[in-house]
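The structure displayed is predicted, hence computed values, not measured ones. Along the sequence shown, residues carry numbers from 1.
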Amino acid sequence: MHDKLFHSPVALTVGLGFKREIASLAEMHDFLTDWTTSRRGPLYRNAVEACGLALEGCITRDEARHALVEFAEATGILWPDLEPVIVARAVARGYGGYAA
């Protein structure tokens, strides 16, 4: 299914803050199949249907990708566009703009 790749992967938060990238319809299908039954709803069903339709060639891969993004946003698993800040600390500045 290498010809079923998305134009750009969808990054999702899985587990305890781990990142997983979904880059193709096959990966989307696997991810959605493994999704917990208790958290399935209308947007989940839309994503599953869009994936199936895209695999059959009835809709574009981008339309299926969009359905996955909508599902991920609604469930709070879409990886943020900006990488999270791990550590931030202030730097004291001395005279002349050099760190003291």
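Identified under the side-chain hydrogen bond (donor to acceptor under 3.5 Å, both in side chains) test for residues 65-78, with sequence neighbours left out: Ser8-Arg65, His66-Glu70.
No donor-acceptor pair closer than 3.5 Å links the side chain of Arg61 to the backbone N or O of Ser24.
Taking all atoms of both residues into account, the shortest heavy-atom contact from Ala64 to Ala54 is CB-CB, 3.8 Å. Of all the heavy atoms in Glu27 and Arg20, the pair that sits closest is O-NH2, 4.2 Å.
Proximity of Trp79 to Phe18: side-chain heavy atoms (C-beta onward) are nowhere separated by under 4.5 Å. The closest side-chain heavy-atom distance from Met28 to Phe6 is below 4.5 Å. At a threshold of 4.5 Å between non-hydrogen side-chain atoms, the residues Leu12 and Leu78 count as touching.
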Checklist entry - How far apart are the C-alpha atoms of His7 and Asp62, what are their side-chain angles, what is the distance that settles it, and do they pass the side-chain contact (heavy atoms from CB on, under 4.5 Å) test? => result CA-CA 7 Å; His7 69 278; Asp62 286 339; 2.7 Å; yes
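No single ILVMFWY cluster, assembled from side-chain heavy atoms under 4.5 Å apart, contains both Leu25 and Leu53. Linking Ile, Leu, Val, Met, Phe, Trp and Tyr whenever their side-chain heavy atoms come within less than 4.5 Å puts Leu55 and Val69 in one cluster. Hydrophobic clustering keeps Ile22 apart from Ile59 (ILVMFWY residues linked when any side-chain heavy atoms are closer than 4.5 Å, directly or through intermediates).
Rounded to the nearest 0.5 Å, atoms CG (Asp34) and NE2 (His29) are 9.5 Å apart.
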May I have the list of side-chain donor-acceptor pairs in residues 40-49 shorter than 3.5 Å, sequence neighbours left out?
from  : atom 1 : to    : atom 2 : distance (Å)
Arg40 : NE     : Trp35 : O      : 3.2
Arg40 : NE     : Tyr44 : OH     : 3.4
Arg40 : NH2    : Thr33 : O      : 3.2
Arg40 : NH2    : Trp35 : O      : 2.8
Tyr44 : OH     : Leu32 : O      : 2.8

